[in-house]
Chemist: 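The structure follows.
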Amino acid sequence: MRTVLIVTHGSRHEADAVAVAVARQLQDSAIAIRVLEPEVERLVAAGLTGATAVAPGTSASQGCELAVVFGGDGTILRAAEMCRDHETPLLGVNMGHIGFLAEVDAEDVKDVARGVVDRAYTVEDRLTVDVAVLVGKTVVARNWALNEATVEKQSRERMVELVVEIDGRPVSRWGCDGIVCATPTGSTAYNFSAGGPIVWPEVAALLMVPISAHALFARPLVVSPDSTLAIEIVDERGEGVLWCDGRRAADLPSGARVEVRRGAKQVRLARLQEATFADRLVRKFDLPVEGWRGEAARRHSAGGDT
């Protein structure tokens with residue numbers, strides 16, 4: 001039996017109603033629905049019946065064809081934690097604001113159930129990063145991220161002194177608020193807010209962006225996906241904190257070293273639409289494109305109407 005995992009935003013009741021409507025349509029097409037135990041009561045109250053409840057965790061998506069996620073990027077990142085190990089694709093329905101990881105917005109939700117039933121979706125594999133924290137020569141923590149791994153200062157009152165290294169060679173030392181190590185998928189997230197470049201998701205690369213660095217050379221760096229990025233806390237008075245996707249944290253004492261590499265496992269995103277990444281940028285950021293004559297110019301050069 002085909003099975004779909006439903007994940008919803010924990011505090012948006014409109015997400016529950018939309019999720020139940022989609023779940024019912026899937027059930028009508030003989031697709032089994034699986035939901036997370038903490039979300040069962042809300043979804044039942046919204047009208048869901050006949051679903052199987054499972055505990056949150058990496059086993060939640062085991063055996064599922066797809067996970068349909070109703071919420072913003074934070075909800076999708078939470079679902080990614082449950083889906084990565086089993087390579088379960090994520091289909092995001094944006095119930096938030098920009099929702100860059102989501103495939104469709106709430107007003108287009110009618111397309112979701114039909115696309116799933118007909119298997120009218122494609123799947124993209126997105127690069128992730130694996131992260132290790134070392135104190136001395138001992139690895140004290142391991143983690144991963146789809147969007148970014150960020151080393152940040154722990155004290156609000158002062159900057160932290162960091163040395164960055166790429167492929168075993170030192171590159172620069174910054175007194176800063178932190179450093180973002182992002183994937184192309186995460187280039188529109190914290191990386192974007194920190195002044196880093198937007199990178200098309202099919203580009204294989206890793207990004208390193210200092211946050212509010214006090215230095216003449218403090219530019220974003222784009223490196224090979226096979227490079228190893230390292231950040232060392234060299235401030236004897238300073239401590240830091242590692243954040244992965246803004247969800248999972250680890251304290252960093254003075255002298256700690258954070259190593260970031262291309263992830264051994266990817267995250268899979270399902271797509272219903274054929275829109276290009278450029279179209280997605282324009283739609284999500286409401287970019288002005290008035291005056292563009294690209295299509296008209298092509299028609300004219302081909303002998304068509306202008």
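When reading the values below, keep in mind they use all heavy atoms of this one structure, side chains included, and skip hydrogens, waters and symmetry mates. Quick caveat, the model's predicted, so the values are computed rather than measured.
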Chemist: Tell me if the CZ atom of R142 is crowded by more than 12 foreign heavy atoms within 6.0 Å.
Modeler: no
Chemist: Crowded around L287 CG? As in, over 12 foreign heavy atoms under 6.0 Å?
Modeler: yes
Chemist: Ignoring hydrogens and geometry, is there a side-chain-to-backbone donor-acceptor pair from H86 to T58 under 3.5 Å?
Modeler: yes
Chemist: Indicate yes or no: does D130 engage R261 in a salt bridge with an N to O separation below 4.0 Å.
Modeler: no
Chemist: At their closest point, which heavy atom of R34 faces which heavy atom of S59, and how far apart are they?
Modeler: NH1-O, 4.1 Å
Chemist: Hydrophobic clustering (ILVMFWY, side-chain heavy atoms < 4.5 Å, transitive) - are V104 and V123 grouped together?
Modeler: yes
Chemist: What I'd like to find out is whether the side chain of L90 reaches to under 4.5 Å of the side chain of V267, using heavy atoms alone.
Modeler: yes
Chemist: Is any side-chain heavy atom of I179 closer than 4.5 Å to one of T150?
Modeler: no
Chemist: How long is the span from the CG atom in D73 to the CD1 atom in I76, to the nearest 0.5 Å?
Modeler: 5.5 Å
Chemist: Might you work through the side-chain contact (heavy atoms from CB on, under 4.5 Å) test for V131 and R248, ending with a clear yes or no?
Modeler: CA-CA 11 Å; V131 187; R248 304 175 298 277; over 6 Å; no
Chemist: Identify the residue among V117, T88, I31 that makes a side-chain contact (heavy atoms from CB on, under 4.5 Å) with V4.
Modeler: I31
Chemist: In terms of hydrophobic clustering (I, L, V, M, F, W, Y; side-chain heavy atoms under 4.5 Å; direct or indirect links), are V258 and V171 co-clustered?
Modeler: yes
Chemist: Does a side chain donor of either E148 or N191 reach within less than 3.5 Å of an acceptor in the other side chain?
Modeler: no
Chemist: Can you list the steps and then say if K265 with E87 is a side-chain contact (heavy atoms from CB on, under 4.5 Å)?
Modeler: CA-CA 8 Å; K265 297 180 180 179; E87 299 183 344; over 6 Å; no
Chemist: With a 4.5 Å limit on heavy-atom distance, are the side chains of V22 and V93 in contact?
Modeler: no
Chemist: To the nearest 0.5 Å, what is the distance between CZ on R271 and OH on Y121?
Modeler: 14.0 Å
Chemist: Check for a donor-acceptor pair, side chain of W174 on one end and backbone N or O of F217 on the other, with a separation under 3.5 Å.
Modeler: yes
Chemist: A cation-pi test, strictly: NZ or CZ of R84 under 6.0 Å from the centre of the six-membered ring of W144 and no more than 45 degrees from its axis. Yes or no?
Modeler: yes
Chemist: Could you report the tightest heavy-atom contact between C176 and A213, atom names first, then the distance?
Modeler: CB-CA, 3.6 Å
Chemist: Can a salt bridge be assigned to the pair E81 and R247 using a cut-off of 4.0 Å between side-chain N and carboxylate O?
Modeler: yes
Chemist: Between K153 and L252, does the side-chain contact (heavy atoms from CB on, under 4.5 Å) criterion hold? Intermediate values first, please.
Modeler: CA-CA 9 Å; K153 64 181 185 179; L252 303 173; over 6 Å; no
Chemist: With no hydrogens and no angle check, just 3.5 Å: does a side-chain donor-acceptor pair link N147 and D245?
Modeler: no
Chemist: Report yes if some heavy atom in the side chain of V68 is under 4.5 Å from a heavy atom in the side chain of L5; otherwise report no.
Modeler: no
Chemist: In Å, rounded to the nearest 0.5 Å, how long is the span from CZ of R126 to OG1 of T185?
Modeler: 4.0 Å
Chemist: Which atoms form the tightest heavy-atom contact between A23 and I33, and what is the distance?
Modeler: O-CG1, 3.9 Å
Chemist: Would you please name every residue forming a salt bridge (charged side-chain N to carboxylate O under 4.0 Å, His left out) with E161, sequence neighbours left out?
Modeler: R173
Chemist: Would the distance check show the side chain of T276 and the main-chain N or O of D279 forming a donor-acceptor pair, the cut-off being under 3.5 Å?
Modeler: yes
Chemist: Indicate the atoms forming the closest heavy-atom contact of V139 with A132, along with that distance.
Modeler: CG1-CB, 4.4 Å
Chemist: Does the pair R114/D118 count as a salt bridge with the N-to-O cut at 4.0 Å?
Modeler: yes
Chemist: Treating Ile, Leu, Val, Met, Phe, Trp and Tyr as nodes and any side-chain heavy-atom pair under 4.5 angstrom as an edge, say whether L36 and V69 lie in one connected cluster.
Modeler: yes
Chemist: Side chains of M82 and Q62: does their closest heavy-atom pair fall under 4.5 Å?
Modeler: no
Chemist: Is the distance between the ring centroids of F192 and F100 under 6.0 Å?
Modeler: no
Chemist: Test your reading of the model: is there a side-chain donor-acceptor pair from S187 to the backbone of V199, 3.5 Å cut-off?
Modeler: yes
Chemist: How many angstroms lie between CZ in R280 and OG1 in T188, if you round to the nearest 0.5 Å?
Modeler: 9.5 Å
Chemist: Decide yes or no for L127 and E202: does some side-chain heavy atom of the first lie under 4.5 Å from some side-chain heavy atom of the second?
Modeler: no
Chemist: What closest approach, in Å, do I233 and P253 show between heavy atoms, and which atom pair accounts for it?
Modeler: CD1-O, 3.9 Å
Chemist: Would you say that T75 contacts T8 through its side chain, given a criterion of any heavy-atom pair below 4.5 Å between the two side chains?
Modeler: no
Chemist: Under 4.5 Å side-chain heavy-atom separation, chaining through any Ile, Leu, Val, Met, Phe, Trp or Tyr, what else clusters with V163? Say none if it is isolated.
Modeler: V234
Chemist: With a 4.5 Å cut-off on side-chain heavy atoms, are D251 and E239 touching?
Modeler: no
Chemist: Can you establish whether the number of heavy atoms outside R158 located under 6.0 Å from its atom CZ is more than 12?
Modeler: yes
Chemist: Is a donor on one side and an acceptor on the other found under 3.5 Å between the side chain of N94 and the backbone of E103?
Modeler: no
Chemist: To the closest 0.5 Å, what do you measure between CG (L221) and CG (L207)?
Modeler: 9.0 Å
Chemist: Taking all atoms of both residues into account, what is the closest heavy-atom pair of C83 and A67, and its distance?
Modeler: SG-CB, 3.6 Å
Chemist: Quick one: do F277 and V203 satisfy side-chain contact (heavy atoms from CB on, under 4.5 Å)? Show the steps, please.
Modeler: CA-CA 12 Å; F277 185 69; V203 174; over 6 Å; no
Chemist: To the nearest 0.5 Å, how far apart are CD1 in I6 and OG1 in T52?
Modeler: 12.0 Å
Chemist: Tell me whether L91 shares a hydrophobic cluster with L77, the cluster being built from Ile, Leu, Val, Met, Phe, Trp, Tyr side chains joined at under 4.5 Å.
Modeler: no
Chemist: Applying the 4.5 Å side-chain criterion to the ILVMFWY set and letting contacts propagate, would L43 and V7 be lumped into a single cluster?
Modeler: no
Chemist: We want to know whether T228 and D167 form a side-chain donor-acceptor pair, criterion being a heavy-atom distance below 3.5 angstrom.
Modeler: no
